[in-house]
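A short worksheet on the structure shown next.
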Amino acid sequence: KEAGRMAKIGYWRFDNLTETLFCSDALYQIYGSNPSLGVPTIDAILNTYSKDSRKLILESLEDLNKKGAPYDIELELTNFKNEKRWIRNIGEPIYNDNNEISGRRGISQDITQKKLIETNLDEKNKKLYELNNALNQAQKLSHVGSWQWNMITDEAEWSDEMYNIYGVSKDAFYPSNENVSKTVFLDDLHKVEQGISSLLIDKVFVPFEFRMKRPNGEIRHLYIEALEINNQETIFGVTKDITERKKIEEENIRIQENYIR
């Protein structure tokens, strides 16, 4: 009894012939009923369940009685004290000497705290998912991608927009320093190396531009706007695609040169 109380686990048994239900003390606590008033009726217990949980337990009981199928389900209820509860209900058939189902037995455990934690975690994950989507959309609209790179292990993580900027997919391209360096114009590679070196040695970062080539041969002009060290091994950076701006600048120069001529 004490173990059941501490673990919030109650034992129950139902006899089909007499239609009587036996419950351990922990069940009275879970359902918020008074033991001195006797065991609640099956209908009274069923009425405590939410609509979906009532449907689930009735279907489970039908399968148990007809097919001998045990069940392990989670049920939502409002007990006789008007307290919201979640229980894990496990049931199995009882057979008589003729191998006929004569009843059922099982345990019910109060898992309310566990469900509250899960619900809270689900809500946080949902907000995080929505925030991440908003961030990805903002990066897509501004053509700015974010990334972090571990210098020791050469492991990196890119935002979705970084893959868009480089014209690659997550499945086909892993953003290690070696792979990324292969996309950078050879004449501009020193800019990337110098930028990282100045951050590591001088603790100062100066934004810089460089060119890279996508797998389809398209040339893009990129600009690292921010770079910082998260710890002694990991560098965080933000890269902006400025190709369109560079095209406009080059066109303006061409127009001015033609005008002067």
Side-chain angles (χ1 to χ4, degrees), residues 1-136 157 160 170-171:
K1 288 182 179 180
E2 187 64 14
R5 182 191 66 81
M6 294 176 64
K8 299 181 179 180
I9 298 177
Y11 170 78
W12 53 265
R13 184 178 69 250
F14 182 78
D15 185 275
N16 288 351
L17 182 62
T18 60
E19 294 188 348
T20 55
L21 176 67
F22 166 81
C23 295
S24 67
D25 292 345
L27 262 296
Y28 290 100
Q29 297 174 3
I30 291 174
Y31 284 94
S33 59
N34 189 343
S36 64
L37 300 178
V39 180
T41 65
I42 295 295
D43 286 340
I45 292 175
L46 289 175
N47 285 333
T48 66
Y49 298 132
S50 66
K51 181 179 179 181
D52 290 340
S53 292
R54 180 185 174 93
K55 180 175 181 292
L56 177 59
I57 185 62
L58 289 175
E59 290 174 347
S60 300
L61 290 175
E62 184 177 4
D63 286 342
L64 183 146
N65 289 324
K66 290 183 177 181
K67 305 174 185 177
Y71 61 82
D72 185 343
I73 55 179
E74 294 183 355
L75 303 169
E76 181 184 16
L77 60 92
T78 301
N79 69 16
F80 299 111
K81 290 184 178 180
N82 202 34
E83 299 169 331
K84 296 289 185 180
R85 289 283 184 268
W86 275 92
I87 64 171
R88 180 187 180 190
N89 198 12
I90 302 174
E92 65 177 15
I94 299 174
Y95 293 91
N96 59 23
D97 294 338
N98 297 323
N99 202 31
E100 298 170 335
I101 296 176
S102 60
R104 58 185 179 269
R105 65 187 174 192
I107 60 172
S108 296
Q109 180 180 19
D110 189 333
I111 58 170
T112 305
Q113 191 62 31
K114 169 177 169 289
K115 295 297 290 188
L116 289 175
I117 294 174
E118 289 178 355
T119 300
N120 186 44
L121 183 60
D122 287 342
E123 291 177 354
K124 289 182 178 179
N125 286 337
K126 181 181 178 181
K127 291 180 179 178
L128 184 61
Y129 176 79
E130 293 173 348
L131 181 62
N132 188 56
N133 279 346
L135 176 61
N136 286 334
E157 291 184 13
D160 290 347
K170 293 182 180 180
D171 296 333

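Start at 1 with the first residue, then count along the sequence.
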### Counterpart residues, side chain to side chain donor-acceptor pair (under 3.5 Å), relative to Lys126 (two or more places apart)
none
### Ile107 side chain near Ile90 side chain, heavy-atom distance below 4.5 Å
yes
### Task
Can you measure from CG (Leu21) to CH2 (Trp12) and round to the nearest 0.5 angstrom?
8.0 Å
### Query
Roughly how far, to the nearest 0.5 Å, is the CD1 atom of Ile117 from the CG atom of Asn120?
8.5 Å
### Query
Taking only residues two or more places apart in sequence, or in another chain, which ones meet Glu92 in a salt bridge (charged side-chain N to carboxylate O under 4.0 Å, His left out)?
Arg105
### Message
Can you tell me how far apart CD1 (Ile73) and CD1 (Ile87) are? Round to the nearest 0.5 Å.
### Response
8.0 Å
### Query
Are Thr20 and Phe14 close enough that some pair of their side-chain heavy atoms sits under 4.5 Å apart?
no
### Message
Check whether Ser102 reaches the backbone of Ile94 with its side chain - one donor and one acceptor, N or O, closer than 3.5 Å.
### Response
yes
### Query
With side chains defined as the heavy atoms from C-beta onward, is the minimum distance between Ser53 and Leu77 less than 4.5 Å?
no
### Task
Measure across Phe80 and Ser33 and return the closest heavy-atom pair with its distance rounded to 0.1 Å.
CD1-CB, 3.7 Å
### Query
Asn79 side chain to Thr48 main-chain N or O, any donor-acceptor pair under 3.5 Å?
no
#### Entry: Over 12 foreign heavy atoms within 6.0 Å of CG, Asp97
no
#### Entry: Salt bridge Arg85-Glu83, side-chain N to carboxylate O under 4.0 Å
yes
#### Entry: Between CG on residue Leu75 and NZ on residue Lys55, distance to nearest 0.5 Å
13.0 Å
### Query
Which atom pair, heavy atoms only, marks the closest approach of Gly10 to Ala26?
CA-CB, 3.7 Å
### Task
Taking only Lys NZ, Arg NE, NH1 and NH2, and the carboxylate oxygens of Asp or Glu, determine whether Lys115 and Glu74 approach each other closer than 4.0 Å.
yes
### Message
The criterion is salt bridge (charged side-chain N to carboxylate O under 4.0 Å, His left out); which residues satisfy it with Asp15, sequence neighbours excluded?
### Response
none
Kindly list each side-chain donor-acceptor pair under 3.5 angstrom involving residues 36-43, sequence neighbours excluded, with atom names and distances?
| residue | atom | partner | partner atom | Å |
| --- | --- | --- | --- | --- |
| Ser36 | OG | Asn34 | OD1 | 2.8 |
| Ser36 | OG | Asn34 | ND2 | 3.1 |
| Thr41 | OG1 | Ala44 | N | 3.1 |

### Working for side-chain contact (heavy atoms from CB on, under 4.5 Å), residues Leu116 and Trp86
CA-CA 9 Å; Leu116 289 175; Trp86 275 92; over 6 Å; no
### Set of side chain to side chain donor-acceptor pair (under 3.5 Å) partners for Asp160, sequence neighbours left out
Asn136, Lys170
### Ile9 and Arg88, any side-chain heavy atoms less than 4.5 Å apart
no
### Query
Checking Arg54 against Tyr49: charged group under 6.0 Å from the ring centre and within 45 degrees of the axis?
no
### Query
Between CG of Asn96 and CD of Glu100, what distance do you get to the nearest 0.5 Å?
4.5 Å
### Task
Applying salt bridge (charged side-chain N to carboxylate O under 4.0 Å, His left out), name anything that partners Lys84, two or more places apart in sequence or on another chain.
none
### Query
Hey, what do you get for CD1 (Ile45) to SG (Cys23), rounding to the nearest 0.5 Å?
5.5 Å
### Task
Output yes when a side-chain donor or acceptor of Asp110 lies under 3.5 Å from a complementary backbone atom of Thr112, and no otherwise.
yes
